[in-house]
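Down below is the structure, laid out as structure tokens.
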Amino acid sequence: MRVAEVIVDVPTHDTDRPFDYLIPAELQEEIHIGSRVQVPFGHRKVIGYCIGFKTTSSSIRLKSIYDVMDLVPPLTPELVELGKVMADEYLCPTITALQSMVPAVFKGSYQKVIHPSSEMSENIFSLLNPAEQQLFKILAARGEYTWEEACKIPNMTRRLLRKLVAEKRIFVTERIEDRITKQKVTWVWGKDIHKLKAALSSLSARAIRQKEVLQYFIDHPDEIELPKLLARLQTTRSTVKKLVEQGWLYWEEREQYRDPYKNRQFEQTTPLPLTPEQQQALAGISKPIIEEKFHTILLHGVTGSGKTEVYLQTIEEVLRQGREAIVLVPEISLTPQMVQRFKGRFGERVAVLHSRLSNGERYDEWRKIRRGEVQVAIGARSAIFAPFQHIGLIIIDEEHETSYKQEENPKYHARDIALWRAQAHHATLVLGSATPAVESYYHARTGEYEWIQLKERVHGRPFPQVQVVDMREELRLGNRSMFSGALTGSLIECMKRGEQAVLFLNRRGFATFVMCRECGETITCPHCDISLTYHQTNQTVRCHYCGYAEGLPQICPHCQSKHIRHFGTGTQRVEAELKRQFPGIQVIRMDVDTTSRKGAHEKLLSQFREGKAQVLLGTQMIAKGLDFPKVTLVGVIAADTMLHLPDFRAAERTFQLLMQVGGRAGRHEQPGKVVIQTYSPEHYSIRLAASYQTETFYHQECLIRKRHSYPPFCRLFTILLSYPDRLGLMKYGQEIVQFIRNHAPTNCQLLGPVPPTIPRLKDRYRLQVLIKFQADPIVTARLKQTLHKLRNLFDDKELRISMSREMVDLISDRKVLMREQSEEIEILSKH
DNA sequence: AGCACGCCGACT
DNA sequence: GTCGGCGTGCTC
């Protein structure tokens, strides 16, 4: 007997275990580990994934698998294994973990229809009352009716089903249209050279663009896709349209397989010569690749030190070995230029996965990886699941980026997944950043990761000069505007020279903090060293970590000034202020409002590049990886907005942002300048960023994390509760904390319940509980067990419990666990 | 999660 | 009696 273990598509905790199914003879050859199958489940039919095989089963009544859905299993055995680990670590159903690894087209949907019974006799029909008979006749005539229609007449349907004259059939609808749809592309041609020449002379001298197009066809008589033609000649659709309308050219729409990059030409690029430093880095990364052993490297390189070129050449090494590479980049920097660089070097061997792809396009790219048609996958967070089978190298660029953490279940961090996969493949993991996460830096310093530094910029350009402006001083001098004298002056000079400026407004989340405009002190929690958050509803300030609260102070507790108020500025306000103070200035504003439309992001950036505005104003979305030759001034309007967020990573984020910003100015001929406006110029993250003292900052931050026990010196679990009414939620909050206190390991530290940054969302009140615990496998296991029980304990349907982990160690925790278990076995065997 | 079963009140 | 509302428990 051969039995398949199947994880079914029912994302709840009590169905989160393998169910056993018989494999019919005709499916024996088709089914593999990782296969997607259709199975009977209860009174339904559902999709599932086969995760293993057995020869016996403890279940008494086994059902058979209906069907294997794909010729090639969507998941590899390694990914199935990873799915189990993720479900365990992130406390999510296994099916949720597995589904997050494959393109959306595999999700499938269920369609239910009501159908006349296949076996039906006349005498049953006679049992129906007249109304039922009427409905049945309609059903018989139409053949079937849909579930949506059935829901409109639920009782009648139920009667038909009860009396066995009708039956329900469930179809699993594959999203076939996404998987095979072809794209429509316009092709253009004009093959008759004599005719084209005649056209050329008939056109008026002013029709330059049209003449260029005609000349192109005289030189290249082959047909060409319209987008390609437009790109090559730098012209627009309307020019070609005119020529078609006049009968000189022809075009038609044709269907072809999708390829999002088909219409672009990628100029072949060759490896650039490396600096000695880059060469050393390349050698350092290549060593473990050649040795084919698991190894993690932090590539700590200043902005402009040429990390990408090092990546490209290490990938070449991997390809020479016949292995594969995954490259993760933050979504925001997955720009056409970046893609261009990889496509240019590796051509057809690259698959690109980014969020702008349609479901179908994403599937196409994924399929190239699964079939082994490409060896390099570049993409955002989810590309970490690229179904390669011989991974030699995983690169995470800008590894400190927050976008590597998924906000929905499973709330994984791509860095954690990368570590696990690299180990499974004996591959090398490279974490690249100019401003690594404190955790990564710590691991590099303690020797867990190898630490390779790139300290020089490739073209030897100096770092821009940084000026920190004390906004308290500005206020004292009578300047109440949001631009300091220094920034105003620099901006005017920059305009005069015909250069460009970038202004940052780093506003994250919805948190507002209270600060004294006189002395720059913020109101902080006496227990936590974290800014208190202003709550407009009841005029209080609260700590989001421990729950401490007090009334909104009217005077500053430090200097007794009355100039105390809450902060939170928007880009629109800054733009208005800019236009008021600098009449005639052209500003491009980038924020959620102006970039929500598809393609708006790239459009605004290219407008700025072309010099259509003097100032680019935006939030952190413009801080990353952008390189504008004419930008010589970078201004940070208020460095504090991020610093005082109630987040233990606030200082780290501030430092990282300021360092990134520094890299934006003066990348080319003109020297750059950075002006940082702040109310806390003495804060270490601002001071050390301004003086480029990276080492000192990380050292300082590690000390603070250690003192207050935050990652990497502990592990963190966040529990978010939400409920429709406040009182009920508070009751549950208390009960849950009590439960965890009673059942969790004693050395866990509980903080909360406290309202999170957003205390109410979509008419639901929210509470947060934070658990700090030791990176010890026994403690972790106990805690996970406790939280699991917690799930089943509160059966109020309205109460939602969501859990996420701040730091997961999929490897070393397990290593220790395995070691301890084997020690236990040893001890046992001695007795 | 879905879906059936089963218990109970309202109605023909 | 029958219909339909809603709580309970199971799904290989």
Side-chain angles (χ1 to χ4, degrees), chain A residues 1-24 27-28 31 33 35-69 80 84 87 91-100 106-115 117 127-135 146-173 408-410 788 791-802:
Chain A
M1 185 169 70
R2 197 152 169 257
V3 173
E5 293 181 283
V6 175
I7 296 290
V8 292
D9 176 23
V10 182
T12 57
H13 284 90
D14 44 334
T15 51
D16 185 22
R17 62 201 155 89
F19 286 85
D20 295 346
Y21 288 90
L22 287 170
I23 306 166
L27 296 178
Q28 291 285 347
I31 192 164
I33 285 181
S35 284
R36 200 164 54 117
V37 294
Q38 287 179 30
V39 290
F41 193 66
H43 303 272
R44 296 183 285 163
K45 175 158 75 175
V46 296
I47 290 178
Y49 282 92
C50 171
I51 62 153
F53 298 106
K54 308 202 286 192
T55 47
T56 56
S57 174
S58 49
S59 302
I60 312 144
R61 214 169 283 134
L62 285 184
K63 291 183 183 173
S64 285
I65 290 178
Y66 283 139
D67 205 5
V68 175
M69 297 174 73
V80 168
K84 292 185 207 164
L91 304 177
C92 73
T94 313
I95 190 68
T96 312
L98 295 178
Q99 275 168 344
S100 70
F106 286 111
K107 228 176 197 166
S109 52
Y110 303 98
Q111 207 193 329
K112 287 165 283 188
V113 294
I114 303 300
H115 206 267
S117 265
L127 290 175
L128 302 182
N129 67 32
E132 290 162 356
Q133 286 190 7
Q134 198 190 346
L135 178 65
T146 66
W147 189 251
E148 285 69 44
E149 289 168 313
C151 286
K152 287 178 198 146
I153 43 168
N155 300 327
M156 289 299 286
T157 301
R158 200 139 86 187
R159 280 188 239 167
L160 292 191
L161 291 174
R162 259 189 200 175
K163 294 186 175 173
L164 295 173
V165 297
E167 61 191 23
K168 192 171 65 195
R169 292 186 187 178
I170 301 168
F171 294 96
V172 174
T173 321
E408 292 99 59
N409 258 337
H788 243 301
R791 274 246 159 79
N792 305 325
L793 206 68
F794 297 88
D795 62 343
D796 191 327
K797 266 186 224 127
E798 282 300 340
L799 179 71
R800 277 181 221 152
I801 306 175
S802 131

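Residue numbers start from 1 in every chain, and the chains themselves are labelled A, B, ... in the order their sequence lines are given, proteins ahead of strands. Only a predicted model underlies this, so the values are computations on that prediction, with no experimental measurement involved.
The separation between A/Asp20 atom CG and C/dC10 atom C1' is 16 Å, rounded to whole Å. Atom CZ of A/Arg17 is separated from atom P of B/dA1 by 16 Å (rounded to the nearest Å). Taking atom NE2 on A/His43 and atom P on B/dA4, their separation rounds to 6 Å, with Å as the unit. Put simply, CZ on A/Arg44 is 13 Å from C1' on C/dG9, counting in whole angstrom units. Atom CG of A/Asp16 and atom C1' of C/dC12 are 15 Å apart (whole Å). Remark: P of B/dC3 and NZ of A/Lys45 are 13 Å apart, rounded to the nearest angstrom. To the nearest angstrom, P of B/dG2 lies 13 Å from CD1 of A/Ile47. Between A/Ile7 atom CD1 and B/dA1 atom P there is a gap of 17 Å when expressed in whole angstrom units.
Of the listed nucleotides (C/dC12, B/dA1, B/dC3), C/dC12 has the atom at the smallest distance from the side chain of A/Tyr21. For A/Thr15, the listed nucleotide lying nearest its side chain is B/dA1; candidates were B/dA1, C/dC12, B/dC3.
Tested against A/Val37 for a side-chain contact (heavy atoms from CB on, under 4.5 Å), the candidates A/Asp67, A/Ile47, A/Ile31 yield a single pass: A/Ile31.
You can call A/Phe41 stacked on the base of C/dT11; the centres are under 5.5 Å apart and the planes sit within 30°.
Once rounded to the nearest 0.5 Å, the distance linking OG1 of A/Thr94 with CG of A/Asp16 reads 3.5 Å.
Heavy-atom minimum distance, A/Tyr21 versus A/Val8: OH-CG1, 4.3 Å. Counting all heavy atoms, side chain and backbone alike, A/Leu91 lies closest to A/His788 at CD2-CD2, 4.0 Å.
The phosphate of C/dT11 has neither OP1 nor OP2 within less than 4.0 Å of any side-chain N or O from A/Lys63.
Looking only at distances, a side-chain donor or acceptor of A/Thr15 sits under 3.5 Å from a matching main-chain atom of A/Val10.
If you check every strand for non-hydrogen atoms under 4.0 Å, A/Arg61 touches sugar and phosphate atoms only. At the heavy-atom level, A/Pro40 lies under 4.0 Å from the strands shown only through sugar-phosphate atoms. A/Asp9 comes within 4.0 angstrom of nothing in the nucleic acid, heavy atoms only.
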